[in-house]
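One structure is given here, and the rest of the page talks about it.
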Amino acid sequence: MITAVRASQRLDSRGNPTIQVDVKTSKGWFRSLVPSGASTGLHEAVELRDKIKSVYGGKGVETAVKNVQDVIGPALIEKGFDVRTQLKEIDQFMRKLDGTPNKARLGANAILGVSMACARAGAAEKGVPLYEFLRGEAGVEGPFVLPVPFLNVLNGGVHSGNKMAFQEFMIAPVGATSFEESIRIGCEVYHRLKEVITAKHGPTATGVGDEEGFAPPIVLPQQALDLLETAVADCGYTGKVKFAIDPASSEFFRDGLYDLGFKQETRNVLTPPGLGELYHQLIYQYPVVLLEDPFAEEDGDSWTEFNKTCKIELVGDDLLVTNVERLRIAREKKACNSMLLKVNQIGTVSEAIAAANLATSFGWSIFVSHRSGETTDDFIADLTVGLGTGHLKSGAPCRGERTAKYNRLMDIESELKATGKPYQYAGENFRFPQNL
Ligand code: 2PG
Ligand code: MG
């Protein structure tokens, strides 16, 4: 039973306010911190901001804090839900209390904070680790799966001040034999990449972007992938490390065209088929195994067209926003074959799990994701293992808000090893680890 609910305004990794929620049960206090995106999808649940320009530039979340303290908290306590078994009911109750289709009244940030803290409380009351609790909620069975980390080591788009249009270039150590080894490989490549960038562009070019990947003065995706290839080869990991790209193309979609020069003085415009051709070339030329948001959320036809010939994992982020309605539309249109899972896009843990289960029923893969504005909350590490998704992205292996998730995953791996519970590292099977 929940006996107290507390909320506070705290900071995310960009120095913007976010919401922290504490839920109390007989086992103690359970905390969550809510992340926030920059390249957000049009159909995401509403993140409530105070919009008072003079305070944190309008980004304060005091209203959301008040909504937890004065509305959600007292109502939940009165209901007397059992956190061990009623996470779905708790989430459903908050949705009703909000009363809007996109959580615009109480705020998806307020609701999600409570939902995550309740999941933690539920796990503690049940006496199981959070990943095991979430696995139970999702009805997942079989050996536990440790994911392949997709480390975003080069940042562009709206996540950095360089001129590169594409937002994320990730390295995926699929050839490792354990999660811990995958992190070691990822870190070694990351550090070598810094040296490669220094040699090419000088030491001032090694500053990092919002997800702690480097943001050197490059423009083209080929330049980014060449840097990655060099760093991987120098470390002796060619073949063991694959690449992934999230261009976050909604950010440079204008009037039916894609402007790769959107951060430059001059336009560099491609038609949707032209952009599709560029992706095909990159996939042919480099070991790219995953492509996320290659086309804009309003450009569904281009997704469908590209999916006809795309042989790799095609992930819908802005396109799907972790929302079952959007998933059904995308499936109808044969737009993609994988879902990005971001809990704050939908605003409750159980709705995120429902979206994951629907994606699985479509035969799609699931890629768990952090947000560019993160916190030290490591919830998604447990969620990834709980759902057995086989891969996640949590930025570069650098700075606390990113490494918190990777560190937690190493803890989980050690714990599984120590307790003798069956588990496997997803490796090459990151898309469909249940086939392991
Ligand atoms: C994305 C994310 C996370 P943001 O586009 O996938 O990497 O960025 O949180 O800014 O939406
Ligand atoms: Mg994305």
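If you're wondering where the values come from, they're calculated on a predicted model, not measured in any experiment. Atoms within a ligand are numbered from 1 in the order they appear, just like the ligands themselves.
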Should the proximity of Asp246 to ligand 1, defined as any heavy atom under 4.0 Å, be assigned to the side chain, the backbone, both, or neither? side chain

Within the supplied structure, the quantity of interest is the number of heavy atoms (other residues, nucleotides, ligands) at a distance under 6.0 Å from Glu180 CD; does it exceed 12? no

Closest to atom 11 (O) of ligand 1 among protein heavy atoms sits Arg371 NH2, 2.8 Å

Report the nearest protein non-hydrogen atom to atom 8 (O) of ligand 1: residue, atom name, distance rounded to 0.1 Å. His159 CE1, 3.2 Å

May I ask you to decide whether Asp378 forms a salt bridge with Arg31, counting only side-chain N to carboxylate O separations under 4.0 Å? no

Give me the residue, atom name and distance of the protein heavy atom closest to atom 1 (C) of ligand 1. Lys342 NZ, 3.1 Å

Min over Ser36, Ser394, Ser372 of heavy-atom distance to atom 9 (O) of ligand 1 lands on Ser372

More than 12 non-hydrogen atoms from neighbouring residues, nucleotides or ligands closer than 6.0 Å to NZ on Lys242, yes or no? yes

Does a donor on one side chain and an acceptor on the other come within less than 3.5 Å for Gln20 and Ser32? no

Taken by chain and residue number, the protein N/O/S atoms under 2.8 Å from the Mg ion (ligand 2) read Asp246 OD2, Glu292 OE2, Asp317 OD2

Give the numbers and elements of all ligand 1 atoms closer than 4.0 Å to a heavy atom of Ala38. 4 (P), 9 (O), 10 (O), 11 (O)

Does any donor atom in the side chain of Asn162 or Ser160 lie under 3.5 Å from an acceptor atom in the other side chain? yes

Criterion side chain to side chain contact (heavy atoms under 4.5 Å, CB included) against Ser338, the qualifying member of Val315, Ile366, Leu290: Val315

Under 3.5 Å side-chain donor-acceptor pair for Tyr56 and Gln9: no

Report the part of Glu292 (side chain from C-beta onward, or backbone N, CA, C, O) that has a heavy atom under 4.0 Å from ligand 1; answer both or neither where that applies. side chain

Nearest neighbour in protein (non-hydrogen) for atom 5 (O) of ligand 1: Gln167 NE2, 2.9 Å

Return the residue, atom name and 0.1 Å-rounded distance of the protein heavy atom closest to atom 6 (O) of ligand 1. Lys393 NZ, 2.6 Å

Under 4.0 Å between a side-chain nitrogen and a carboxylate oxygen: does that hold for Glu351 and Arg95? yes

Please indicate whether Lys263 has more than 12 foreign heavy atoms, meaning atoms of other residues, nucleotides or ligands, lying under 6.0 Å from its NZ. yes

Between Ala248 and ligand 1, which part of the residue brings a heavy atom under 4.0 Å of the ligand: side chain, backbone, both or neither? neither

Checking a contact table here: which protein heavy atom is nearest atom 3 (C) of ligand 1, and how many Å away? Glu211 OE2, 3.2 Å

